[in-house]
Protein chains: 2
Amino acid sequence: MATSGKLMTIGQAARASGVSAKMIRYYDDIDLFRPEARSDTGYRLFSPTDVHALRFIKRARDLGFSVDEIRRLLTLWQDQSRASADVKALAMEHVRELEARIQQLEAMVRTLRHLADHCQGNERPECPILDDLAGQASPEADAVTGNRVRHSRASTGL
Amino acid sequence: MATSGKLMTIGQAARASGVSAKMIRYYDDIDLFRPEARSDTGYRLFSPTDVHALRFIKRARDLGFSVDEIRRLLTLWQDQSRASADVKALAMEHVRELEARIQQLEAMVRTLRHLADHCQGNERPECPILDDLAGQASPEADAVTGNRVRHSRASTGL
DNA sequence: ATGCACCTTCCCACAATGGGAAGGTCAACC
DNA sequence: GGTTGACCTTCCCATTGTGGGAAGGTGCAT
């Protein structure tokens, strides 16, 4: 398998792949990715194939995959006898993680928006947001229901 | 200002506030929060007011505020002459940060779902997901548009 | 007095990234 | 040949918030 075409240095590989030289060294460190060769003076040397792998890694990072998930993706990528079901499973599990995080963030946003809606946002000190953080629901009337704000602090659902 | 009622140790304060003893010490370290007193043998001693502050911190963390944002919130909380507008501004800026993160995550999910939709997920190796990561759009026909998949890899919008 | 539960500080680890120092290398130019 | 500037190497540090654990002191009940 004569992979090497013309070899390039880390700076060139970084520019060609969009991965910083710093991160390329890190990926090398943690055995995620090993460059083709080293010059006799210790310089890392990258083949076009290496750059391809770096782009793969970058794209996967951009899609939110962790380094560990990428490790598995790279293995699958290089495995000619992989089952696409395995790739899909990995991707869908990642999607579920992402969606869980989205749910959490949305719950926070909902709560905060709700609180902010009831905050006058003026020069006066009374503030339902601080009241909620302090654990005492504001004694303001609820603008929507007209009820006293009993709701023991809107839940974030966390 | 005689704040102290009965004082408690860190373990009791932790249980009463929902913040781990470990984190209470950390907040102390970084000057986010200083307990009422120390016993002559060095034990941190917490007043009910301290526990109240810890609950405040915990609630704010649950809402996704960073330690630095909480520092500002605590200052506002303790400032009797604060303007609720300042609190609201802080909260809304945080909401915008959260929403930006949500946008990013959603873009990732959209892309991944799109790719996964076109992946057979069977025992065969062909996989549009890996093809995308590798930078070469899969040569499969697009099921929706009936077009060749020219779309140079669905963008995450990042 | 012995023991157990609790407290203290200090160090380590995580994930992924960047900053920067100290020192070696390469190529070009005079 | 020598110098310069761009580039490479490794090593250490910081980030953010959290937990684990060690070594050693304290408090209280039996």
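Chain naming here is simple, since letters A, B, ... match the order of the sequence lines and numbering starts at 1 in each. Just the heavy atoms: all of them, side chains too, but no hydrogens, waters or symmetry mates, feed the values below.
Using a 4.0 Å heavy-atom criterion, one finds that B/Ser20 contacts the sugar-phosphate atoms exclusively. Counting non-hydrogen atoms under 4.0 angstrom, B/Ser66 reaches the backbone sugars and phosphates but no base.
Computed from coordinates, the B/Arg101 CZ to D/dT16 C1' distance equals 12 Å when rounded to whole Å. Atoms CG (A/Asp28) and P (C/dA16) sit 16 Å apart, rounded to a whole Å. B/Ile24 has its CD1 atom 9 Å from the P atom of C/dC7, to the nearest Å. Rounded to an integer number of Å, the gap from CD of A/Gln12 to C1' of D/dA6 is 12 Å. Rounded to an integer number of Å, the gap from A/Ile70 CD1 to C/dA16 P is 8 Å. Taking atom CG of residue A/Leu7 and atom P of nucleotide D/dC8, one finds them 14 Å apart after rounding to whole Å. In this structure, A/Met23 places its CE atom 18 Å from C1' of D/dC8, rounding to the nearest Å. As a whole-Å value, the separation of A/Asp29 CG from D/dT9 C1' is 12 Å.
Considering only side-chain N and O atoms, A/Arg44 lies nowhere under 4.0 angstrom from the phosphate OP1 or OP2 of C/dT25. In this structure, B/Arg61 reaches the D/dT18 phosphate: one of its side-chain N or O atoms is under 4.0 Å from OP1 or OP2. Dashed line: the shortest gap from a side-chain N or O of A/Tyr26 to OP1 or OP2 of C/dG18 is not under 4.0 Å. Contact check, B/Arg25 against C/dT8: a side-chain N or O comes under 4.0 Å of OP1 or OP2. Side-chain nitrogen and oxygen atoms of A/Thr9 include at least one within less than 4.0 Å of the OP1 or OP2 phosphate oxygen of D/dC8. The side chain of A/Ser39 places no N or O atom within less than 4.0 Å of a non-bridging phosphate oxygen (OP1 or OP2) of D/dC8.
The base of D/dG17 does not come close enough to the side chain of B/Lys22 for any donor and acceptor atom to sit less than 3.5 Å apart.
By the 4.0 Å N-to-carboxylate-O rule, A/Asp62 lies too far from A/Arg59 to be salt-bridged with it. A salt bridge links B/Arg38 with B/Asp28: at least one charged nitrogen is closer than 4.0 Å to a carboxylate oxygen. Using a 4.0 Å cut-off between charged side-chain N and carboxylate O, A/Glu106 and A/Arg113 make no salt bridge.
Mapped onto DNA chain C by nearest heavy atom, A/Tyr43 and A/Val67 fall at different nucleotides, with A/Val67 at the one closer to the 5' end. Residue-to-nucleotide proximity on DNA chain D shows that, of B/Thr41 and A/Ile10, the 5′-proximal contact is made by A/Ile10. Heavy-atom distances to DNA chain C give each of A/Asp40 and A/Ile30 a nearest nucleotide, and the one nearer the 5′ end belongs to A/Ile30.
Under 3.5 Å, the side chains of B/Ser81 and B/Asp79 contain a donor-acceptor pair of N or O atoms.
Using cut-offs of 30° and 60° on the angle between ring planes, the pair B/His52 and B/Trp77 is perpendicular.
For B/Tyr27, the side-chain atoms get nearest to D/dT18 when compared with the rest of D/dG20, C/dT8, D/dT18.
At most 12 non-hydrogen atoms from other residues, nucleotides or ligands lie less than 6.0 angstrom from CZ of B/Arg101.
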